[in-house]
Amino acid sequence: MQYNSPITPTWCPGCGNFVIHASLKGALTELGIPPHQVVMTFDIGCAGNGADKILGYNFKVLHGRAILPAIGVKYINPDLTVIALIGDGGMYWEGAAHWIAAAQRNEDIVVLVSNNQIYALTTGQTAPTTEHNYATKSYPYGTPFYPLNPVAVSIAAGATFVARGWTGDPAYLKELIKAAIKHKGFAIVDILQNCVTWNHLNTLEYYRERVYKLDEAGHDPTDKQAAYQRAEEKDKVPIGIFYHVQAPSIYEEYPLVKKKAGLEVKGRSVSKLLAEF
Amino acid sequence: MPTVTIRIAGPAGYGAKSIGLLMQKALRDMGYHTFGYMGYPSLIRGGENFYQLTVSTKPINATFSKFEIFVPLTRDAYDTYKHLLARRSLVVFNAESVGLIPSRLGSKNIGINVFSMLKEKGLPTITQNVFFIGAVFTILGLDLSGVEKTLRKFFASKGEKVVSQNIQAFKLGAASVKDSLDDRFDLPKPRSKNRNLVISGNEAIALGFIKAGGTFYSAYPMTPSTNILHFLAKHGPDNGVIVRQASTEIEAIGVAAGASFAGARAMVGTSGGGLDLMGEFISMLGVTEVPLVIVDAQRVGPGTGLPTWTEQSDLNLAKNIGHGEFPRIVIAPGDPLEAYEMIQHALNLAEVWQVPVIFLSDKYLSESFFSVAYDKLNGVKIRVDRGKILRKVKGNFLRYKFDKLGVSYRTLPGTPGGLHVVNSDDHDEYGNSIESDPIRPLMQSKRLIKLKHIARSLPGLAIYGKKQAKRAVVAWGSMKWPAIYLAERLTEQTGKPWAAVHFAYMYPLDYSRIAKRLSRFSEIYLIENNSTAQLKADLEKMGLKVVKTFLKFDGEPFFIDEIKLG
């Protein structure tokens with residue numbers, strides 16, 4: 001496979017990140033996108049450690065900041081497929097301001113969030129998505145607050161493609177990633193990812209009993225109110241596309257981006273501008 | 001040198017800055033040299049904006065601590081600044097809004113019933129600003145024949161009605177004082193027929209960015225850097241510059257890092273507090289070797305400090321910002337001409353060496369309006385140099401290939417065969433992450449070796465004054481001209497030649513080369529616009545003896561006449 005890297009992954013055996021990478025490689029391959037046309041940005045954490053485990057023009061960034069260079073790349077070369085890979089801690093806490101701003105502006109990038117509901121690489125602290133009362137190393141007597149709802153917040157912030165995937169269903173996840181890549185505008189896929197080492201609550205078995213597919217349940221992804229309702233479900237866990245609408249991405253309103261002016265670096269004349277002074 | 005200094009002051013919204021700038025442009029059009037300095041206190045009571053203009057027949061690049069001509073737009077403005085009136089002075093004011101002004105020894109008051117006169121001609125009160133220009137120019141006995149053209153150009157975008165109202169107000173102002181010629185001020189007829197630009201440091205930076213082929217600028221608004229954003233936002237679409245207002249300073253630099261990685265020539269702008277926020281990304285630029293220019297228009301810190309006033313207090317920050325050890329370049333231009341030239345150089349240096357370049361301006365340089373000879377600025381020729389970019393790849397590509405000078409080829413995304421990881425983790429030559437590994441010391445040394453070569457290649461410092469001078473005033477960044485004027489005064493007063501030494505390339509410094517150039521100076525005075533003399537440690541490391549240090553940190557720059565000698 002043209003996306004395979006010679007570097008051996010460092011994830012635990014059975015880690016959901018293997019599934020995410022396999023689904024991503026499958027999606028890119030089926031869409032016929034060659035690796036040199038793909039920019040992937042990586043955060044810090046187990047998801048971020050994938051930076052050299054898949055081939056592309058990859059940029060490993062800082063914690064919470066992975067989506068920022070992704071946005072910048074798209075302003076300069078909109079022909080590229082730009083994907084940010086980030087964990088729940090990076091996206092929903094450390095980088096939450098960037099998440100909200102990018103969704104609001106409908107920045108044309110794909111964000112794949114490895115959401116294992118725990119801080120794993122730092123050995124098991126509470127994450128923004130950790131369930132209430134779940135005991136972690138930072139809250140050993142139980143997490144005293146409720147998890148953030150990334151799907152509902154993404155929709156409210158203005159994202160135009162909001163989906164949830166699950167590492168227990170790689171084929172379905174691959175289709176969601178393909179749809180996210182094809183979408184013009186801000187696409188976020190919150191991926192429920194099993195962590196075999198630090199999260200013993202939200203296991204594959206836990207979700208196998210709870211997940212159902214939105215498209216099979218007759219959900220209309222253009223219906224914002226219905227999307228919010230599905231996002232608020234507690235007992236059952238919907239996966240699939242919650243919300244998907246077409247809205248002009250910032251690039252379509254910016255002629256300089258369209259014609260890739262950012263790559264035209266050459267000395268210019270300022271004689272006309274000097275007349276102002 | 002004959003000069004006249006004029007201050008116009010009034011509350012925010014009264015247009016003190018715009019009359020000042022218009023007056024400056026009108027004087028420039030007559031052939032005078034001018035320097036405009038402004039202040040806009042963020043206070044409620046007594047918070048009067050001012051624009052201070054120094055006019056001369058010779059080049060002038062700073063202003064004075066006092067002014068001879070004062071146009072207070074309100075009573076509060078008069079009360080706030082009357083203590084700064086020069087001994088021989090003139091106050092021109094609207095008697096209907098300012099009231100009676102007590103007479104002072106050596107000072108002449110000209111109160112005019114401006115509102116009544118405007119009303120009689122059906123002119124809006126806002127035109128009192130231009131009325132005062134007519135009045136002041138007439139009192140100074142200036143040739144008014146060209147002013148109408150200046151007004152026309154200045155107000156053109158507001159439509160013909162506004163243009164003609166202002167021309168009428170100007171004439172009315174001139175007529176109102178036609179018998180009040182004041183010949184106490186020494187302002188000879190201008191001789192210069194050369195074209196001079198009236199330009200601020202921020203405008204020069206923005207203009208240089210366009211000239212040097214800059215294609216991406218991002219910023220979060222922060223005084224006093226914001227005018228760079230305004231200028232580029234306005235002129236970007238016609239000049240190929242993509243401008244993006246960010247939601248935070250962190251976002252500004254993170255997005256710019258991606259733009260640079262993708263192949264743009266990128267820059268961000270902020271002030272000290274924003275630079276603090278960018279620190280983590282600057283460190284990341286260090287390890288990933290992604291080029292970027294970061295403009296810091298300094299203001300008074302720490303904390304919010306005095307957010308609209310000037311200070312040179314971020315030099316140590318710029319030299320040290322970011323965790324870990326990595327090369328960077330720090331440049332601090334001395335005036336708009338240097339800002340225009342050096343920002344172009346900075347953009348080249350960032351790409352050639354693949355390092356972050358921190359470009360230090362400050363409120364004083366960024367928002368003061370200098371006269372710059374058109375020919376000089378237009379004559380700056382710097383070739384765009386993007387360094388090592390590989391457009392076609394044959395065989396294996398190593399993004400961080402070991403190199404004698406520390407700089408490896410980069411490929412832009414989209415280039416077949418050039419795949420790699422630009423990696424914030426330390427990495428091998430491909431860019432793949434490493435742990436504790438024999439490669440790590442080699443990779444760290446590969447990056448750090450750049451510093452030695454950069455230090456050797458930078459232009460060093462500039463010395464102004466006579467070759468035989470054995471004494472010097474040393475300054476950096478925007479204190480260039482105050483240092484030059486101080487050296488001139490010292491020369492005059494002591495009868496011995498003094499030179500001025502100006503540092504613009506602040507880091508890395510080639511100590512031995514600089515020490516050799518400065519070895520002739522046995523007596524050194526240092527002036528800095530901060531409270532701890534941040535350049536002093538460097539001078540001492542070079543074995544130079546600083547005899548006297550002049551520091552100013554009240555939020556204002558050093559004025560020409562300020563340092564008392566003897």
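Naming: A, B, ... by sequence-line order, numbering from 1 per chain. Model, not experiment: these values are computed from the prediction.
Atom CG of A:Leu68 and atom CD1 of B:Ile253 lie 10.5 Å apart (nearest 0.5 Å). Atom CG of A:Asp52 sits about 11.5 Å away from atom NE2 of B:His427, to the nearest 0.5 Å. The NZ atom of A:Lys272 lies 8.0 Å from the CG atom of B:Asn239; values are rounded to the nearest 0.5 Å. Once rounded to the nearest 0.5 Å, the distance linking CG of B:Asp428 with CD1 of A:Ile7 reads 6.5 Å. Rounding to the nearest 0.5 Å places NZ of B:Lys211 at 11.5 Å from CG of A:Leu273. Distance check: B:Phe369 CZ to A:Phe277 CZ gives 8.5 Å after rounding to the nearest 0.5 Å.
Looking at B:Val243, both its backbone and its side chain come within 4.5 Å of chain A, counting heavy atoms on both sides. For B:Arg383, no part sits under 4.5 Å from any heavy atom of chain A, backbone or side chain. Neither the backbone nor the side chain of B:Arg399 has a heavy atom closer than 4.5 Å to any heavy atom of chain A. Interface residue B:Phe209: only backbone heavy atoms are found under 4.5 Å from chain A. With a threshold of 4.5 angstrom between heavy atoms, B:Phe397 does not approach chain A through any atom at all. No part of B:Ala252 comes within reach of chain A, as not one of its non-hydrogen atoms sits under 4.5 angstrom from that chain. Both the backbone and the side chain of B:Thr411 have a heavy atom closer than 4.5 Å to some heavy atom of chain A. With a threshold of 4.5 angstrom between heavy atoms, A:Phe42 does not approach chain B through any atom at all.
The minimum heavy-atom distance linking A:Arg105 with B:Gln245 is given by the pair NH2-O, 2.5 Å. Between B:Gly236 and A:Leu256, the shortest heavy-atom distance links the atoms O-CD1, 3.9 Å. Closest heavy-atom contact between A:Val265 and B:Gly263: CG2-O, 4.0 Å. Scanning all heavy atoms of the two residues, the minimum distance from B:Pro413 to A:Leu80 falls at CB-CD1, 3.6 Å. Between A:Ala275 and B:Lys153, the shortest heavy-atom contact is O-NZ, 2.8 Å.
Most heavy-atom pairs under 4.5 Å with chain B: of the set A:Gly267, A:Ser271, A:Pro255, A:Ala97, this distinction falls to A:Gly267. Of all the listed residues (B:Tyr430, B:Phe216, B:Tyr374, B:Phe261), the one sharing the greatest number of non-hydrogen pairs under 4.5 Å with chain A is B:Phe261. The candidate with the highest count of non-hydrogen atom pairs below 4.5 Å against chain A, out of B:Ile382, B:Leu347, B:Val241, is B:Val241. Contact count against chain A (heavy-atom pairs under 4.5 Å) is highest for B:Asn432 among B:Val384, B:Ile199, B:Asn432, B:Asn423. Ranked by heavy-atom pairs shorter than 4.5 Å toward chain B, the options A:His36, A:Met40, A:Lys259, A:Gln37 are led by A:His36. Counting heavy-atom pairs closer than 4.5 Å to chain B, the top residue among A:Ile100, A:Thr41, A:Asn77, A:Asn58 is A:Asn58. In terms of heavy-atom pairs under 4.5 angstrom with chain A, the leader among B:Gly240, B:Gly208, B:Ser247 is B:Gly240. In terms of non-hydrogen atom pairs under 4.5 Å with chain A, the most contact-rich of B:Leu419, B:Val372, B:Leu412 is B:Leu419.
Of the possible donor and acceptor atoms, none in the side chain of B:Arg244 sits under 3.5 Å from a partner among the backbone N and O of A:Gly72. Judged purely by atom type and a 3.5 angstrom limit, A:Tyr57 uses its side chain to pair as donor or acceptor with the backbone of B:Thr415. Checked by atom type and distance alone, the side chain of A:Arg268 pairs as donor or acceptor with a backbone atom of B:Gly214 at under 3.5 Å. With hydrogens and angles disregarded, no donor-acceptor distance shorter than 3.5 Å links the side chain of A:Arg65 to the backbone of B:Gly254.
Counting non-hydrogen atoms of other residues, nucleotides and ligands closer than 6.0 Å to OH of A:Tyr3 gives a total above 12. By the 6.0 Å contact criterion, NZ on B:Lys381 is enclosed, its count of non-hydrogen atoms from other residues, nucleotides or ligands being greater than 12. Counting heavy-atom neighbours within 6.0 Å of B:Tyr409 OH, excluding the residue itself, gives a total of 12 or less.
Using a 4.5 Å heavy-atom cutoff, the side chains of A:Tyr75 and B:Thr215 are not in contact. Side-chain contact between A:Phe59 and B:Val290 is present, with heavy atoms from C-beta onward closer than 4.5 Å. The side-chain heavy atoms of A:Leu274 and B:Leu207, taken from C-beta on, include a pair separated by under 4.5 Å. B:Phe281 is listed as a side-chain neighbour of A:Val61, based on a closest heavy-atom distance under 4.5 Å. You'll find the side chain of A:Glu276 reaches within 4.5 Å of the side chain of B:His235, heavy atoms only. Within the 4.5 Å cutoff, side-chain heavy atoms of A:His98 are placed close to those of B:Thr248.
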